[in-house]
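Counting starts at 1 for both ligands and their atoms, following the listed order. All values below were derived from every heavy atom in this structure, side-chain atoms included, with hydrogens, water molecules and symmetry-related copies excluded. No experiment lies behind these values; they were computed from the predicted model shown.
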Amino acid sequence: MNTKVLIVDKNVDNLESCPQITQAAELLQKNEVVALPTETVYGLAGNANDDKAIVKIFSAKGRPADNPLIIHIGDFDQLNDIVSEVSNEAKKLMKAFWPGPLTLVLKKKFGTLSNRATAGLSTVAVRMPNHPIALAIIKKCKLPIAAPSANQSGKPSPTTAKHVYADLAGKISAIVDGGPTNVGVESTVVDCTENPPIILRPGGITKEQLEEVIKTVAIDQALIDKGAAPKSPGMKYRHYAPNAPFFLVEGSRSFLQQLADEKRAAGLRIGILTTEEYKDEYEADVVLACGERRNLESVASHLYETLRTFNDLQVDIIYGEVFPPIGVGQAIMNRLSKAAGNQLIKEINES
Ligand code: AMP
Ligand code: MG
């Protein structure tokens, strides 16, 4: 299959009448799959009402069939078509954060949406993305749009059209290139069928932000205790992994340098993941700064790109600094821990 690349300037007026947007919307109406930018990462979009379109998403990504997809909507009328119940808490969260990087799990309306999209569950995860191109395409095609990240399952999520092309060229009909995404980590997933609502996946909207709008928000135990089974089907899988073995290092920079030195002495090509503040303090084959530590939003927005760059530069092992799990730091550490397959090396302090 020839994958078309449709370049769109997200800042032009009247995006809905732009020919590339019309082309993408028409492909979706024909049950083809199209990658498009959202404010979090690039999504692989397909008609959420149609089993064939959903099968195309799962097979292009190599995604396990028991991992349900987030359904993207362009306005509140579309929400009423697919969910049967919206709690007061959910209404408040939508009012505060939609469009935006927040996904709400709600009761699904019986007889709507492809069962494959929701992996046979009686609930559905819904979000209204805050990106002019995604919204224009959804409104134009007038369909609920299933859109997981547009990467090969297991690899770092794509934050540019180039990343999508590298993973999915030849497997999907088109890629809408609207430039790099902004938030850089996926949406926060909150289960609103429970009281109080539960964070199933940390993301672009922090627990602190949610608690400014509704009093209590719980966190899925599996996000704290690595032994507990996650409530969200997708959270059990390894994700975001770079090609080389990746270890998070908790301790001093000299300890991390020592780990790198030992492996370099054995002839291995070592990568270090740090931030702008400390990149000049390390010596290794590849030292990459992922944003600024003092601005965790910048770390989130560069995270996946940095992991992919280690692949391009072909290192044998990556050592990475950890981040405080505060605010968006919680999503950063969730993604980094998964990328590392939970491999953490801790410095033991003698004193
Ligand atoms: P992704 O599309 O890869 O960004 O992931 C979507 C996340 O939402 C995965 O972790 C899914 O398991 C989760 N998810 C989707 N639908 C539901 C649902 N109905 N209940 C719980 N989690 C869900
Ligand atoms: Mg994903």
Polar side chain donor-acceptor pair, [X] to [Y], under 3.5 angstrom:
X      : Y      : result
Asp51  : Ser114 : yes
Gln152 : Lys171 : yes
Thr38  : Arg127 : yes
Asn47  : Asn31  : yes

My understanding is that only residues two or more places apart in sequence, or in another chain, count here; which of them pass ring pair (Phe, Tyr, Trp, His ring centres under 6.0 Å) with Phe97?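 Partners of Phe97 by the ring pair (Phe, Tyr, Trp, His ring centres under 6.0 Å) criterion come out as none, since no residue qualifies.
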
With heavy atoms of [X] as the reference, note each atom of ligand 1 found under 4.0 Å away.
X      : value
Arg201 : 1 (P), 4 (O), 5 (O), 6 (C), 7 (C)
Ala125 : 15 (C), 16 (N), 17 (C)
Leu200 : 21 (C), 22 (N)
Ile70  : 6 (C)
Thr123 : 18 (C), 19 (N), 20 (N)
Pro68  : 11 (C), 12 (O), 14 (N), 15 (C), 16 (N), 17 (C), 23 (C)
Asn67  : 9 (C), 11 (C), 12 (O)
Pro148 : 2 (O)

Are any of the N or O atoms of [X] closer than 3.5 Å to those of ligand 1?
X      : result
Glu186 : no
Val189 : no
Arg63  : yes

- Query: Can you name the nearest heavy-atom pair linking Ala60 to Ile172, along with the distance?
  - Reply: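 Taking every non-hydrogen atom into account, CB-CG2, 3.9 Å.
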
Lys30 with Asp50: basic N within carboxylate O range, under 4.0 Å
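Judged by the 4.0 Å cut-off on N to carboxylate O distance, Lys30 and Asp50 do not form a salt bridge.
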
Is Arg294 salt-bridged to Glu277, going by a charged N under 4.0 Å from an acidic O?
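Yes, charged N to carboxylate O under 4.0 Å.
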
Notebook entry, point to check: How close does the nearest protein non-hydrogen atom get to atom 22 (N) of ligand 1, and which residue and atom is it?
Noted result: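 I find the closest protein heavy atom is Ser232 OG, 3.1 Å.
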
Of the protein's non-hydrogen atoms, which lies at the shortest distance from atom 12 (O) of ligand 1, and what is that distance?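 Ranked first by proximity to atom 12 (O) of ligand 1 is Gly234 N, 2.6 Å.
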
Practice problem: Run through the protein N/O/S atoms less than 2.8 Å from the Mg ion (ligand 2) and write them out by chain and number. | Solution: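 Only Ser149 OG fall inside 2.8 Å of the Mg ion (ligand 2).
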
Quick check: are there more than 12 heavy atoms from other residues, nucleotides or ligands sitting under 6.0 Å from [atom1] of [X]?
X      : atom1 : value
Glu16  : CD    : yes
Arg63  : CZ    : yes
Phe255 : CZ    : yes

What pairs meet the side-chain hydrogen bond (donor to acceptor under 3.5 Å, both in side chains) rule with one or both residues in residues 86-103, with sequence neighbours excluded?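 Applying side-chain hydrogen bond (donor to acceptor under 3.5 Å, both in side chains) to every pair that reaches into residues 86-103, excluding sequence neighbours, yields Thr103-Ser187.
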
Considering residues at least two apart in sequence or located in another chain, which fulfil the side-chain contact (heavy atoms from CB on, under 4.5 Å) criterion with Glu262?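 For Glu262, the residues satisfying side-chain contact (heavy atoms from CB on, under 4.5 Å) (neighbours in sequence not counted) are Gln258.
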
Using a 4.0 Å heavy-atom cut-off, which part of Leu121 comes near ligand 1: side chain, backbone, both, or neither?
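Under 4.0 Å from ligand 1, Leu121 contributes side-chain atoms alone.
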
